[in-house]
Protein chains: 2
Amino acid sequence: MLHERPKESQDPPEARRVLDAIRQIISEGRLPSDGRLPTERQLAAELEAGRASVRRALDRLEAEGLIWRKQGKGTFAGQPPDPTEELAAQIASDVDPLSAMEARLCIEPALADLCARRATAEDVARLRKLAERTHDADDSDSAELWDGALHRAIARIAGNRLMLTAFTLIDEVRMGDDWQKKRHRARTPELRAFYDAQHQKIIDAIDARDGTAAAGAMREHLETLFDNLRKSMEGRA
Amino acid sequence: MLHERPKESQDPPEARRVLDAIRQIISEGRLPSDGRLPTERQLAAELEAGRASVRRALDRLEAEGLIWRKQGKGTFAGQPPDPTEELAAQIASDVDPLSAMEARLCIEPALADLCARRATAEDVARLRKLAERTHDADDSDSAELWDGALHRAIARIAGNRLMLTAFTLIDEVRMGDDWQKKRHRARTPELRAFYDAQHQKIIDAIDARDGTAAAGAMREHLETLFDNLRKSMEGRA
DNA sequence: GGGTGAAACCAATGAACGATTGGTTTCATT
DNA sequence: AATGAAACCAATCGTTCATTGGTTTCACCC
């Protein structure tokens, strides 16, 4: 499998130089408030390289999710905006936590499946990092945030814009209301450890490029959340 | 309370005349497919009235919900576009037919599952009616419309607002572009018969309240559509 | 052969301009 | 008080042109 490993240190020196230079521009944050990078032609001139080399480097950064590009518009650092807020706000009133969880149960296993088919080695590494952060989180609230980031990353890696938008819609509806309080109860230390194990299982399946297993593991995870949400709401009701 | 009643018959004769004239234009449906009415200035000229009178009449119709207006755009009959349409229009540019079909393949089997669990006898009857209409349709275009109505009905019966919105989003994106032409090819008479049989299978599973079977039948149906879409696009490319 | 640089072209986007359209005010008339 | 007329404001659309990412081609070099 050694021949498949896309190690950066194996890259040609010129490609490496350009890639590092652009990486530095992004990480140092010296760019406009909207995150816009110089144009490909400007970068090529500044770095004294060809435009093709610049594009190869940008392709890589885009695959890593560090930048997004749009023809005729430009190249930007960060994630592309998803204008779902207005729609989420409108339908939030007739969505309850249970139906939101039901929707997650429909969509996220499918996203895990797609994710397993399309994830690169770097993508898997990023997912593991997020799972680790979720595990190491001090309090229940920050664990919730890292958990959300993990699920969102899976949705993004799945690489289908419509499905990502659907996921974002559910996510924003969940955030919009005060359901946070209710979910808080479902985050006991024992359960958190259980969730972490389920995350591992999901990521392992993605790493093995086993879409069916990934979907199954995700479904199992969400079923657990569903059960605990139900218990939490019964206890409150 | 008599002094507060805004009875139309009490209106000044000129206002009444203009209002009725515009009402007639709308009710007779003799206007473009997008429902656009003539401009206020045109209406004033045609009806030989002042623009202020026309505006008073339009104010009334807008209050009644028969029309909606937007500065700089125009006056339209019917309901203003809802946020789902707007969102669909925004993301339509970076969605291709294949990824849209991929998204359908993720969402619609889940909808069929929910539908099987929640459909009433009347719901099933409605679905059978729609399948029959699809079968009896004269030309390929009207079959396409009835087919869309059938899938939409399943999404609605599923009874989950978030999932319905996700479905509508995909549906709007599909309608928005000129993908219609491409789909046209995938509607040969033999295929239509095949699709009809698949519809039957889906509805039978829903009727039997067998969610798993309904999801499987729906997945099979969409896989068929997917294959034919691929062939159609290869043939074109 | 594969990476590189250069050039040219395509397609999508945005800024700018003018024309159009609904929104508003004012004034004279009836 | 309602109407008609006119003028102006603000938002939108269509057009044009420059810009930008996407793509192809070619020559060069290791």
Side-chain angles (χ1 to χ4, degrees), chain A residues 3 6-19 21-22 31-32 34-63 66-77 80-81 83 161, chain B residues 3 6 8-19 21-22 31-32 34-63 66-77 80-81 86 89-96 176-178 237:
Chain A
H3 62 286
K7 202 68 179 299
E8 280 193 17
S9 52
Q10 292 175 344
D11 289 342
E14 190 61 12
R16 184 67 203 266
R17 185 180 69 85
V18 174
L19 183 56
I22 300 178
L31 27 84
D34 58 354
R36 159 174 259 132
L37 269 69
T39 71
E40 294 178 353
R41 292 165 177 85
Q42 284 177 344
L43 281 174
E46 289 176 13
L47 303 178
E48 291 177 351
R51 197 182 151 205
S53 301
V54 171
R55 278 190 60 77
R56 269 191 297 275
L58 291 176
D59 285 342
R60 186 147 193 164
L61 294 174
E62 186 178 26
L66 282 174
I67 62 169
W68 61 278
R69 302 187 277 183
K70 181 121 193 179
Q71 183 176 159
K73 192 167 187 180
T75 305
F76 300 82
R161 180 62 196 271
Chain B
H3 62 288
E8 281 192 17
S9 53
Q10 294 176 346
D11 289 343
E14 190 62 9
R16 184 66 205 265
R17 184 180 69 86
V18 174
L19 182 57
I22 300 178
L31 25 86
D34 59 353
R36 161 174 255 129
L37 268 69
T39 70
E40 294 178 353
R41 293 168 176 83
Q42 284 176 343
L43 281 174
E46 289 176 15
L47 303 178
E48 292 177 350
R51 196 179 152 208
S53 301
V54 171
R55 279 191 59 77
R56 269 191 297 273
L58 291 176
D59 285 342
R60 188 146 190 166
L61 294 173
E62 185 178 26
L66 282 175
I67 63 169
W68 62 278
R69 303 188 276 183
K70 182 127 190 177
Q71 182 175 161
K73 194 168 188 179
T75 305
F76 300 83
E86 293 175 25
Q90 289 188 52
I91 69 174
S93 60
D94 37 41
V95 174
D96 57 313
D177 264 354
D178 57 340

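Everything numeric in this text was worked out from a predicted model, so none of it was measured. Just so it is clear, the values below take in all heavy atoms, side chains as well, and ignore hydrogens, waters and symmetry mates. Per chain, numbering begins at 1; letters A, B, ... match sequence-line order.
Among residues two or more places apart in sequence or in another chain, the side-chain contact (heavy atoms from CB on, under 4.5 Å) test is passed with B/P81 by B/W68, B/E85. Every residue was checked against the salt bridge (Lys or Arg N to Asp or Glu O under 4.0 Å) condition with B/E86, not counting sequence neighbours, and none meets it. For the side-chain contact (heavy atoms from CB on, under 4.5 Å) test, residues two or more places apart in sequence or in another chain that qualify with A/P83 are A/R161, B/L87, B/Q90. Annotation: salt bridge (Lys or Arg N to Asp or Glu O under 4.0 Å) contacts of A/K70 (sequence neighbours excluded): B/D94.
Remark: P of C/dT4 and CG of A/L19 are 11 Å apart, rounded to the nearest angstrom. When the P atom of C/dT4 is taken as reference, atom CZ of A/R16 falls 13 Å away, rounded to whole Å. Taking atom CG on B/L58 and atom C1' on C/dT21, their separation rounds to 12 Å, with Å as the unit. The CD atom of B/E48 sits 15 Å away from the C1' atom of D/dT3 (whole-angstrom rounding). Atom pair A/F76:CZ and D/dT19:P shows a separation of 16 Å (rounding to whole Å applied).
Remark: B/S53 is not in phosphate contact with D/dA2, judged by side-chain N or O atoms under 4.0 Å from OP1 or OP2. Close to C/dA12, at under 4.0 Å from its OP1 or OP2, lies no side-chain N or O of B/S93.
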- Any chance you could list the contact pattern along nucleotides 20-30 of chain D? Use B for base contacts, S for sugar-phosphate-only contacts and - for none, protein heavy atoms under 4.0 Å, 5' to 3'. BBBB-------
Throw together a table of side-chain donor-acceptor distances under 3.5 angstrom for residues 42-51 of chain B, partners on residues two or more places apart or in other chains.
residue	atom	partner	partner atom	Å
B/Q42	OE1	B/T39	N	3.3
B/R51	NE	B/E40	OE1	3.1
B/R51	NH2	B/E40	OE1	3.1

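Remark: the backbone N or O of A/K73 is paired with a side-chain donor or acceptor of A/R36 at under 3.5 angstrom.
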